[in-house]
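This chain uses plain numbering: 1 for the first residue, then up along the sequence. Bear in mind the structure is a predicted one, so any value in this text is a computation, not a measurement.
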Amino acid sequence: MQKAVNITVKGRVQGVGFRPFIFALAKRYNVKGIVQNNMDGVFIHIEGDAYAVDQFIHSLPVEAPRLSRIDEMIVTAAQWQACNDFSIIPSERTGSSSLVIPIDTAVCNDCLREMYDPNDHRYRYPFINCTQCGPRYTIIEQLPYDRPFTSMHSFPMCKRCNEEYNDPMNRRHHAQPIACPTCGPSIMLRNRDGKMVQGDAIEQARAYIQAGAIVAIKGLGGYHLACDATNERAVQQLRMRKQRPNRPLAVMAASVDIVEQLCDVTEEEKQLLTSPEAPIVVVKQRKNTMIASSVAPGLQTVGVMLPYTPLHHLLLDDQLPVLVMTSANRSGAPIIYEDERAFCDLQNIADYFLVHNRPIVHPLDDSVVQIENGNTHFIRRARGFVPDPLWTKQDVHEIVALGGQQKNVFAFGRHQQIFLGPHIGDLEHVEVIEHFEREYEHLRTWMGVTPKIIAVDLHPNYETWNIAKQWDADIVAVQHHHAHMVSCMEENHISTSCFGLILYTCTLKR
């Protein structure tokens, strides 16, 4: 008996190798049809032997790619179309969006094996990636997520990359950031005057860092300021130049083994460190380690992360085991991500600039998490998690919350999903407000949401009021501490009346 069905899959299903997975599954079960990205997710039409079609439907959610997440899978009967084969067809770009935007993820082990293989044509290439790793959100200009609508559009694929990209059985099939030394982005080292330093850029940067220099490094979502975390003088110099006298600095360790030498790490913390999201994890420091005392002065903990880009892996090793890697931004401002801005703002901080020519479309800080009593707490929800949705039992469709004046983050409601935007910073400067409005409009468009209700902080002098008044929507003022209370209730699934005690600290400026 023959059978034909249409399948719509919603969730994190674009930019994660989902279409090649579907293609391979169709070949396994010898069914015909098509798979396509669209603004609703992934659309599949399959037809063939009824048993094979049923097996395909059963296997799809069970074997989906590790970076994917299926939120909804709708299967409906379809008309027989007498397809001759199974094929991947071009994306459909019309209609309202219900997409979950793919997140940036740490480089995978398969790519690392290739990067360290002298016989591989991507040997030591700092932009190696595949469908299971690499940049996503930070390079997207428009949806659906296809190469012409990313910052990779200015890097035409060479013949070899094009063959991999179009081979449904290759793990780089439709990997939008696919690149190699022949056709992809390149890296260079510049001094403060903007002049290029001759020689291998990465090896030269390593040598300068080992000698005590501060290097601005362009990464996945913006610039970091890096120095040797074992060099007390270099760390103190970074603090003085950045005017950050006391707040702890994050570090990046070459491997889990190095982290275990520096810190008391639980299995749960190791799992977070080595996860595709690769956040900064706040862990307990060991005493008398190689880390300079001024990295986290007066604290028993330190924020540590592992290399999450190929470039990071090439920078760190046993000879340079741990770096300070702190976001390159002024206090309260978003991370610096544009090259001209970096050279201007960081000229008196960084001695050298390790840069590349792949544009960052959406700046994104590192996520910071801490595990307490088995629970993961977000200190900052950013790279690897933004803009993945949070789920609620409430209908929050077309509601937007504009966040606070300091450390701003906005949020959109779409049905029973809450989408948090990136960390914005303090809304006290024109460039931060412009950054807020730019990222807000991008996410609003991508989510396919036209807000009808806008929640703003009750404080009448907060900038969010001026922003909200520009839009045609009902404004609801919310007392700041009430918002904290409601957030705690939602996080703990409390929907009935309760008492709450909201505490805050006050820092006096001298």
Would you please indicate if the ring centroids of F378 and F385 are separated by under 6.0 Å?
-> yes
Ignoring hydrogens and angles, tell me if any N or O in the side chain of K10 forms a donor-acceptor pair with the backbone of E72 under 3.5 Å.
-> no
Between L60 and L25, is any pair of side-chain heavy atoms under 4.5 Å apart?
-> yes
Taking the six-membered ring for Trp, are the ring centroids of F127 and Y125 within less than 6.0 Å of each other?
-> yes
Does the distance from a Lys or Arg side-chain N to an Asp or Glu carboxylate O, for R172 and E114, drop under 4.0 Å?
-> yes
Please determine which of T266, V265, L272, V302 meets the side-chain contact (heavy atoms from CB on, under 4.5 Å) test together with V281.
-> L272
Can you tell if the side chain of P65 reaches within under 4.5 Å of the side chain of Q132, non-hydrogen atoms only?
-> yes
Just wondering, more than 12 heavy atoms not from K27 lying within 6.0 Å of its NZ?
-> yes
Using a strict cut-off of less than 4.0 Å between a Lys/Arg side-chain nitrogen and an Asp/Glu carboxylate oxygen, indicate whether E431 and R341 qualify as a salt bridge.
-> yes
Report yes if some heavy atom in the side chain of V369 is under 4.5 Å from a heavy atom in the side chain of H377; otherwise report no.
-> no
Roughly how far, to the nearest 0.5 Å, is the CG atom of L306 from the NE2 atom of H313?
-> 7.5 Å
Closest non-hydrogen contact found for R28 with E63 is NH2-OE1, 2.6 Å
M196 and N191, any side-chain heavy atoms less than 4.5 Å apart | no
Do the ring planes of Y208 and Y352 sit parallel (below 30°), tilted (30 to 60°) or perpendicular (above 60°)?
-> parallel
Any donor and acceptor pair, going by atom type alone, linking the side chain of D351 with main-chain N or O of V215 inside 3.5 Å?
-> no
Stepwise, does the side chain to side chain donor-acceptor pair (under 3.5 Å) test hold for T105 with E277?
-> CA-CA 5 Å; T105 54; E277 295 78 13; over 6 Å; no
Report yes if some heavy atom in the side chain of M252 is under 4.5 Å from a heavy atom in the side chain of L315; otherwise report no.
-> no
Stepwise ring-ring contact (aromatic ring centres under 6.0 Å, His included) test for Y337 and Y223 | CA-CA 6 Å; Y337 69 103; Y223 276 82; 9.1 Å; no
Salt bridge flag under 4.0 Å for residues D71 and R69 = yes
K270/E260 under salt bridge (Lys or Arg N to Asp or Glu O under 4.0 Å): CA gap, chis, key distance, verdict = CA-CA 9 Å; K270 277 193 234 178; E260 289 181 317; 2.6 Å; yes
Derivation and outcome, side chain to side chain donor-acceptor pair (under 3.5 Å), residues D365 and H423 | CA-CA 7 Å; D365 286 279; H423 171 75; 4.7 Å; no
What do the steps show when you test R286 against Q261 for side-chain contact (heavy atoms from CB on, under 4.5 Å), and what is the final call?
-> CA-CA 8 Å; R286 292 181 184 271; Q261 293 177 33; 6.0 Å; no
If you round to the nearest 0.5 Å, how far is CZ of R444 from CZ of F410?
-> 11.5 Å
Distance col, row H121:NE2 vs I128:CD1, nearest 0.5 angstrom, shows 8.0 Å
Nearest heavy-atom approach of N231 to G212 is ND2-CA, 3.8 Å
Please determine if R171 and E164 form a salt bridge, counting it only when a charged side-chain N lies under 4.0 Å from a carboxylate O.
-> no
M115/L314 under side-chain contact (heavy atoms from CB on, under 4.5 Å): CA gap, chis, key distance, verdict | CA-CA 9 Å; M115 189 181 74; L314 293 169; 3.9 Å; yes
Would the F343 and F353 ring centres measure less than 6.0 Å apart?
-> yes
Heavy-atom distance under 4.5 Å between the side chains of P102 and I140, does that happen here?
-> yes
Scanning both residues in full, the closest heavy-atom pair of H153 with P148 reads CB-O, 3.7 Å
Assert yes or no for the condition that the ring centre distance of F412 to Y440 is strictly below 6.0 Å.
-> yes
Between CG of L220 and NE2 of H362, what distance do you get to the nearest 0.5 Å?
-> 13.0 Å
Decide, yes or no, whether a salt bridge links R124 with D117 under the criterion of side-chain N to carboxylate O below 4.0 Å.
-> no
Is any side-chain N of the basic residue among D228 and R233 closer than 4.0 Å to the acidic one's carboxylate O?
-> no
All heavy atoms of H173 vs all of T131, minimum pair found to be O-CG2, 3.4 Å
Close side-chain approach of R190 and M188, heavy atoms under 4.5 Å | yes
Please examine the side chains of Q36 and I88, heavy atoms only from C-beta on, and report whether any two atoms are closer than 4.5 Å.
-> no
Shortest non-hydrogen separation from V31 to F86 and the atoms involved | O-CB, 3.8 Å
Basic-acidic side-chain contact under 4.0 Å: R19, D146 | yes
Which atom of T309 lies closest to which atom of V107, heavy atoms considered = C-CG1, 4.1 Å
Residues E163 and R160 bridged, charged N to O under 4.0 Å | no
Please confirm whether the backbone N or O of W391 pairs with a side-chain atom of Q417, one donor and one acceptor, at under 3.5 Å?
-> no
How many angstroms lie between OG in S87 and NE2 in H45, if you round to the nearest 0.5 Å?
-> 10.5 Å
Are L311 and L354 close enough, and set up right, to give a side-chain contact (heavy atoms from CB on, under 4.5 Å), and what steps lead you there?
-> CA-CA 10 Å; L311 173 61; L354 188 61; 3.9 Å; yes
Check: H224 side chain, T326 main-chain N or O, donor-acceptor pair, under 3.5 Å | no
Derivation of the side-chain contact (heavy atoms from CB on, under 4.5 Å) call for I89 and V35 | CA-CA 6 Å; I89 66 172; V35 60; over 6 Å; no
